[in-house]
Amino acid sequence: MNQEVARVRIEKLRKELSNHNHQYYVLSQPLISDLKYDLLMQQLMTLEKEFPVFFDPNSPSQRVGNDINKVFVQVEHKTPMLSLGNTYSFEELIAFDKRIRKEIDEQFEYVTELKYDGTAISLVYEHGRLIRAVTRGDGTRGDDVTDNVRTIKRIPLVLMGNDYPDLFEIRGEIIIPRPDFDRMNMEREAKGELPFANPRNASSGTLKMQNSAEVAKRPLDCLFYSIIGDNLPYSSHFENLLAAKQWDFKVSEHIKKHKDLSGVFNYIEKWNMKRDNLPFDIDGVVIKINSFSLQEKLGSIAKSPRWAISYKFKPEQVETRLLDVTYQVGRTGVITPVAILEPVVIAGTTVKRSSLHNADQIELLDIHYGDIVYVEKGGEIIPKVVGVDKSFRVPGSRPVQFITNCPGCGTSLVRKEGEVNHYCPNELNCPPQIKGKIEHFISRKAMNIEGLGEETIGLLFKNQLIRNVGDLYDLKKEQIVPMERLGEKSAENIIKSIEQSKEVPFSRVLFAIGIRFVGETVAKTLAGRFRSIEQLKNANFNELTGVEEIGDKIAESIIEFFLKDKNLFLIERLKSYGLQLEAYQTQPELKSGKLERLSFVITGTFGRHSREEIKSLIELHGGKNVAAVSSKTSYLLAGDKPGPAKLSKAGELDIDILSEEGFLRMIE
Ligand code: IVH
């Protein structure tokens, strides 16, 4: 096929596929079957591969993502992304209205919208094409997540119509509809992965994923709520949002204009009642002044505009019956009482269990088995029992009394003076503690051992293949293959991932071994100050508490940890397997982890830094310097007069080539 024919064909396919996307995702009226759609997509991808000159980041084929690992570049927002002041009562809204009328003595309109509970995103379009997507970040600067956002089918890459401004920004909320969220969690659980707590966490976590091909698999959606630009078609918010709808953006049909507060109140009441009927989560209503010139006149204070406010719904409370109380044993032996409830729907989800926190809380509630209890679910993940309706108490019912022995191993529980929690002291032999410790050890922020979920850990434990984290490093592929639901391939991946964990830096190993009160941040601080497990072990109370952020409680816990022989034995064992139990000698304290897991080959000379400086910058931000380009190299950092052999090898292996500027932006 000659180039011109290919160009015409590619363009036609792109248009066709974009139209089918619109029919499917916007109008919910697909015109062709999924199979035919996939065939068209394959044709397009084949042609694009054969004729790379026609590459276009906004082609429908780019929606599938790619598996290049990336570190997000920070980008400044042209206009800061402000937050909204919250109100919880109509009185507060009346006060808001009064403040506005003091400054504005003309007729104005309010616009009400739903307050979507997801993750904010800012998109920039130039000549009708998506050029950048940035997260809110700290409001001034956010992460450039363009590649990930391109995979979201409901976000237009190329706009429809022709009356959009040449350059504008549109903001919205990335959400995951409830039914999709529930399905995704079910699939995760079936694979032994941890379910997400709520759609909000899932959407923000997904946006920051390293691999856009994975993002493409998640059911993300986006609802838009604000447009910013110099040449917008209208001078008011509502009208511009309607225009954006014509350009293919998803704008909720539930936005409304009002002449005064009474309409606003009706809108709030309506959605407070009907929020569970929506396919996505909302946590309130946003009230905005429609006219841009009035918005400008009112301006903003601190981080919130004075022309908009949110009304937050009160957390929904329901009544249900307490059926039983069970007790969970955490990895550090903490016992958490859990209320088993008669299933009840709160905020769209069925709740069967809820935390009762600790023995004091049980006493405070004065709760009996069979009581009618009030359960509340705020924005939080875990519902809470907030009260008891004693007037319905069955005479003679038994009060809930905190257990005295561990439900996992039967050992007598202890409660230290001044602490609210009960503990099981049988660290060595209590099965739920052992499993919990291993689950923590392998988790993403710790040793990041992939392929091993809660379920697999349970199986390995049941089959007596692991009793502590050290045993992971003795596992053989042949031992894993015969286990239920696992096969050759998964076993291979597990072993590979365990092997790779030997490269995990000291601070994360320190977090992984699970010393009580040593979380991710504390572990980083300790690793920065003490440099090796030996030095940490030898540190006394004063030396420990002399470090900023390390208080008495943490220091005591560290000392206690190193007093136990079984911990010292485990550390020696981990050392013998080659885990990083000291910080790299050449590596001074890390400035950031932005280049963590990335390896760089440098070539040529640089304008702003010497080669040595560049090398140490790589290390200071957690990256690795390597001498030769291989398939494992993340980037070839090329300056002036780069080595031709390295360049061609990088080209051959499809390794990204980075300029000095690009590199500096990465660590900015
Ligand atoms: S307008 C300056 N409208 O709420 C006001 N925000 O605290 C800009 N949000 O981070 C926000 N739904 O992500 C606006 N209909 C809506 C919204 C909305 C959800 C989020 C937004 C922002 C936060 C404001």
Side-chain angles (χ1 to χ4, degrees), residues 77-88 92-93 96 100 109-123 133-143 145 149 152 155 168-177 198-208 220-229 232 236-242 244-245 249-258 264 267-268 270-272 275 278-292 294-313 379:
H77 295 293
K78 249 183 154 176
T79 315
M81 287 184 86
L82 302 176
S83 51
L84 290 165
N86 291 328
T87 57
Y88 297 88
E92 286 172 279
L93 286 183
F96 168 75
I100 289 173
E109 289 167 333
Y110 282 121
V111 175
T112 50
E113 294 163 19
L114 302 175
K115 189 167 189 301
Y116 316 116
D117 198 6
T119 309
I121 192 80
S122 143
L123 309 180
V134 183
T135 62
R136 180 172 185 278
D138 63 3
T140 315
R141 303 160 69 79
D143 284 328
V145 289
V149 164
I152 305 174
I155 290 183
F168 69 97
E169 182 183 343
I170 186 159
R171 294 177 178 175
E173 197 85 351
I174 306 257
I175 55 156
I176 299 183
N198 55 36
R200 184 185 351 111
N201 288 8
S203 64
S204 69
T206 305
L207 268 189
K208 297 286 188 67
L220 299 177
D221 200 342
C222 189
L223 287 159
F224 291 91
Y225 55 66
S226 131
I227 315 186
I228 306 167
L232 299 176
S236 52
H237 167 70
F238 185 86
E239 285 66 26
N240 278 320
L241 275 191
L242 291 195
K245 216 172 183 169
F249 291 106
K250 187 163 179 175
V251 175
S252 163
E253 64 210 82
H254 305 306
I255 56 173
K256 250 193 140 60
K257 281 202 288 195
H258 311 273
V264 172
Y267 183 93
I268 292 174
K270 170 179 162 184
W271 286 109
N272 196 10
R275 58 195 283 209
L278 289 164
F280 47 82
D281 287 3
I282 59 170
D283 59 349
V285 163
V286 184
I287 301 113
K288 302 174 181 174
I289 303 269
N290 196 21
S291 145
F292 283 161
L294 294 182
Q295 285 186 4
E296 208 167 309
K297 189 165 173 198
L298 288 162
S300 51
I301 30 161
K303 293 221 178 302
S304 311
R306 293 170 69 220
W307 49 265
I309 201 152
S310 82
Y311 178 94
K312 293 285 258 294
F313 294 140

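One is the number of the first residue; the rest follow in order along the sequence. Just follow the structure's listing: the first ligand is 1, and inside any ligand the first atom is 1. Reckoned from all heavy atoms, side chains included, excluding hydrogens, waters and symmetry mates.
Ligand 1 is surrounded by Leu82, Ser83, Leu84, Glu113, Leu114, Lys115, Tyr116, Ala120, Arg136, Glu173, Tyr225, Val286, Lys288, Pro305, each with at least one heavy atom closer than 4.0 Å.
Comment: Asp221 engages Lys250 in a salt bridge, judged by a side-chain N to carboxylate O separation of less than 4.0 angstrom. A salt bridge links Arg171 with Glu169: at least one charged nitrogen is closer than 4.0 Å to a carboxylate oxygen.
Looking at Glu173, its side chain does come within 3.5 Å of a backbone N or O of Gly118 through a donor-acceptor pair. A side-chain donor-acceptor contact under 3.5 Å links Arg275 to the backbone of Ile282.
Rounded to the nearest 0.5 Å, atoms CG (Asn290) and CZ (Phe238) are 7.5 Å apart.
A search for ring pair (Phe, Tyr, Trp, His ring centres under 6.0 Å) contacts involving Phe280 returns Tyr116, not counting sequence neighbours.
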